[in-house]
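Read the structure below first, then the notes.
Bear in mind that the values here come from a model prediction, so they are computed numbers and not experimental data. Chain letters run A, B, ... following the sequence lines, proteins first and then strands; every chain starts at 1.
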Protein chains: 2
Amino acid sequence: MTFRVHIHVVPRKGLLDPQGKAVADALHALGFAAVRDVRIGRHLVVETAADSASHAEEQTRAMCAKLLANPVTEDFVLEHVEAL
Amino acid sequence: MTFRVHIHVVPRKGLLDPQGKAVADALHALGFAAVRDVRIGRHLVVETAADSASHAEEQTRAMCAKLLANPVTEDFVLEHVEAL
């Protein structure tokens with residue numbers, strides 16, 4: 001079976017996010033004065049073959065730990081797993 | 001009130017995603033042979049002041065249309081809106 005896993009990788013709370021800061025400033029300049037803060041991370045969609053959803057999830061966590069997220073500066077969340 | 005809006009911006013289906021392709025190849029090289037496809041977009045978290053959740057959502061859609069997403073190559077989804 002094939003599963004599609006959606007992952008968020010976001011900069012850790014408390015760490016500087018210069019890209020988010022730049023976008024917040026740009027939104028202010030465009031007239032969106034109500035914006036307080038912007039944080040920018042990555043949204044990954046991984047399609048992988050696996051026996052079960054829990055196996056797909058386990059595999060994807062291993063991928064995040066090895067390659068997809070930087071454990072020092074980023075947190076990752078597996079948002080949801082769907083069967084295709 | 002302040003609301004936190006989570007947004008995904010992903011490359012349109014059918015468009016080439018070279019970053020995703022590179023990551024899929026790297027995962028194969030690391031031994032994750034079951035990976036079929038990877039697509040990479042941005043995950044944005046915008047904190048904005050608004051009267052209501054629907055107002056915050058409307059504002060955020062305007063931000064996506066003006067700055068946060070490229071309407072030619074990307075799709076955006078407002079994943080959820082939470083009150084802080």
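Both B:Leu27 and A:Val9 belong to a single network of hydrophobic side chains, linked directly or stepwise wherever heavy atoms of I, L, V, M, F, W or Y lie under 4.5 Å apart. One hydrophobic cluster, built from ILVMFWY side chains closer than 4.5 Å, holds both A:Met63 and B:Leu30. A:Phe32 is connected to B:Met1 through a chain of hydrophobic side-chain contacts under 4.5 Å among Ile, Leu, Val, Met, Phe, Trp and Tyr, so both are in one cluster. Linking ILVMFWY side-chain heavy atoms closer than 4.5 Å, directly or via other members, places B:Phe76 and A:Val45 in two distinct hydrophobic clusters. Cluster annotation: A:Val5 is not connected to B:Val10 through the hydrophobic network of ILVMFWY side chains, with a link wherever side-chain heavy atoms come within less than 4.5 Å.
The two residues A:Arg42 and B:His43 make their nearest non-hydrogen contact at O-CB, 3.7 Å.
Among residues 65-74 of chain B, the residues having any heavy atom closer than 4.5 Å to a heavy atom of chain A are, in sequence order, B:Lys66, B:Leu67, B:Leu68. At a heavy-atom cut-off of under 4.5 Å, chain B is reached by A:Glu47, A:Thr48, A:Ala49 from residues 47-58 of chain A, listed in order of number.
For A:Val23, the parts sitting under 4.5 Å from any heavy atom of chain B are the backbone and the side chain alike. In this structure, the portions of B:Val46 lying under 4.5 Å from any heavy atom of chain A include both its backbone and its side chain. Contact annotation for B:Ala62: both backbone and side-chain heavy atoms come within less than 4.5 Å of a heavy atom of chain A.
Annotation: maximal heavy-atom pairing with chain A below 4.5 Å, among B:Arg4, B:Gln59, B:Arg39, occurs at B:Arg39. Interface check for chain B: of the options A:Val35, A:Asp37, A:Val38, A:Leu44, the most heavy-atom pairs under 4.5 Å are formed by A:Asp37.
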